[in-house]
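Bear in mind the structure is a predicted one, so any value in this text is a computation, not a measurement. All values below come from the heavy atoms of this structure, side chains included, with hydrogens, waters and symmetry mates left out.
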Amino acid sequence: LMLTLPLVRNLDCKVLVLVRHPGGQVSSKLSLGWTQPRDRPESLLDQPKLIEDHLGWLPDVLEEKERSTVEDLGLMWRAQYDILLNYLDEIGDSDHFQIVRHEDVCLNPLAQFATLYDWANLPWTPEVEAKIAELTSTDNPTERSENTDPHQYRHRRDSSTVVDVW
């Protein structure tokens, strides 16, 4: 996240921002056990320049009350997208940034990926289209596999149902 501006400015990179509804993101992190001390908004206070430039609202919010893990993850969601939106305002060049809603990709993966491939100047081939169709097909399960395979996150899902799985 913090390398976004240098990558755009110094290397002329394009940045894809995939935005997921905060409820879906929080639910996913909780179900996967992806909550760490760094997921607490207090961890951001150790970066005064970040607070000054992007998150001036955060210290006041943290003083309000004790928060649950869900509330902390929601605040972190807000912080990350506040930072990205500030970057977008600062760059002012929509060709370097593409913002896509996770839900839109899930509901219409072929069209969304075709648009993204075009934006990124990547070749949209029959093989690419077939692979995306295979991985997102309605024939795939709706739930993530619950196993201990180290590659468990490489899975096929009915992407149209992922929108509501939280």
Side-chain angles (χ1 to χ4, degrees), residues 1-109 111-122 132 135-136 144 146 148 150-155 157 159 162-166:
L1 176 64
M2 300 313 294
L3 288 175
T4 302
L5 280 180
L7 288 171
V8 170
R9 287 183 175 149
N10 301 329
L11 300 175
D12 199 34
C13 291
K14 290 186 172 190
V15 177
L16 171 63
V17 178
L18 184 65
V19 179
R20 187 168 187 197
H21 185 285
Q25 184 171 337
V26 167
S27 175
S28 185
K29 282 189 168 211
L30 291 173
S31 71
L32 292 168
W34 289 359
T35 56
Q36 304 293 324
R38 70 175 178 268
D39 290 324
R40 294 201 39 88
E42 286 82 1
S43 68
L44 300 174
L45 296 177
D46 295 336
Q47 303 175 60
K49 182 90 170 111
L50 179 70
I51 300 299
E52 179 184 328
D53 292 349
H54 304 288
L55 304 174
W57 54 268
L58 186 61
D60 290 339
V61 170
L62 296 181
E63 290 178 6
E64 288 179 9
K65 65 176 181 119
E66 192 172 319
R67 295 168 319 279
S68 69
T69 301
V70 170
E71 290 169 313
D72 278 349
L73 291 171
L75 284 171
M76 293 299 279
W77 180 94
R78 177 182 172 192
Q80 82 183 27
Y81 289 111
D82 277 359
I83 293 165
L84 285 166
L85 289 174
N86 287 342
Y87 287 167
L88 183 56
D89 285 343
E90 192 170 328
I91 297 269
D93 178 0
S94 62
D95 188 49
H96 281 88
F97 280 90
Q98 182 76 2
I99 300 174
V100 180
R101 288 180 347 122
H102 172 267
E103 293 80 2
D104 293 337
V105 174
C106 289
L107 293 172
N108 197 352
Q112 290 290 320
F113 273 100
T115 299
L116 291 172
Y117 268 65
D118 182 56
W119 170 76
N121 297 316
L122 296 171
I132 292 169
L135 293 174
T136 61
R144 176 181 64 254
E146 298 294 336
T148 57
H151 304 292
Q152 68 177 319
Y153 305 111
R154 284 194 232 162
H155 51 264
R157 302 248 317 256
S159 69
V162 172
V163 174
D164 299 319
V165 179
W166 58 273

**Item:** Derivation and outcome, side-chain contact (heavy atoms from CB on, under 4.5 Å), residues W77 and V26
**Value:** CA-CA 8 Å; W77 180 94; V26 167; 5.6 Å; no
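- Residues N108 and D104 are not in side-chain contact: their nearest non-hydrogen atoms beyond the backbone lie 4.5 Å or more apart.
- Among all heavy-atom pairs drawn from C106 and P109, the shortest one is O-CD, 3.5 Å.
- Here the side chains of D53 and N86 are not in contact, with every heavy-atom distance at 4.5 Å or above.
- With a 4.5 Å cut-off on side-chain heavy atoms, R78 and L55 do not count as touching.
- The NE2 atom of H96 sits 11.0 Å away from the CZ atom of R9 when rounded to the nearest 0.5 Å.
- Formation of a donor-acceptor pair under 3.5 Å by the T115 side chain with backbone atoms of A111 is found in this model.
- Within the 4.5 Å cutoff, side-chain heavy atoms of I99 are placed close to those of L88.
- Residue C13 comes nearest to V8 through the heavy atom pair O-CG2, 3.6 Å, listed as atom of the first residue, atom of the second, then distance.
- Residues F113 and V100 fail the side-chain proximity criterion, which asks for heavy atoms closer than 4.5 Å.
- Residue L18 holds its CG atom at 10.5 Å from CZ of R101, rounded to the nearest 0.5 Å.
- Atom CD in E66 sits 9.5 Å away from atom CD in E71 (nearest 0.5 Å).
- At least one donor-acceptor pair closer than 3.5 Å links the side chain of T136 to the backbone N or O of I132.
- For the atom pair L62 CG and I51 CD1, the distance stands at 8.0 Å (nearest 0.5 Å).
- Within the 4.5 Å cutoff, no side-chain heavy atoms of M76 are placed close to those of Q25.
- Atom CG of L85 and atom CD of Q80 lie 10.5 Å apart (nearest 0.5 Å).
- Y87 meets the ring-ring contact (aromatic ring centres under 6.0 Å, His included) test with H54; sequence neighbours excluded.
- Side-chain contact check for V19 versus E103: every heavy-atom pair is 4.5 Å or farther apart.
- Pairs passing the salt bridge (Lys or Arg N to Asp or Glu O under 4.0 Å) check and including a residue from residues 20-32, sequence neighbours excluded, read K29-D39.
- Between the side chain of Q98 and the main chain of L116, no donor-acceptor pair closer than 3.5 Å is present.
- With rounding to the nearest 0.5 angstrom, the CD atom of Q47 is 11.0 Å from the CG atom of L58.
- Using a 4.5 Å cut-off on side-chain heavy atoms (C-beta onward), S159 and V105 make no contact.
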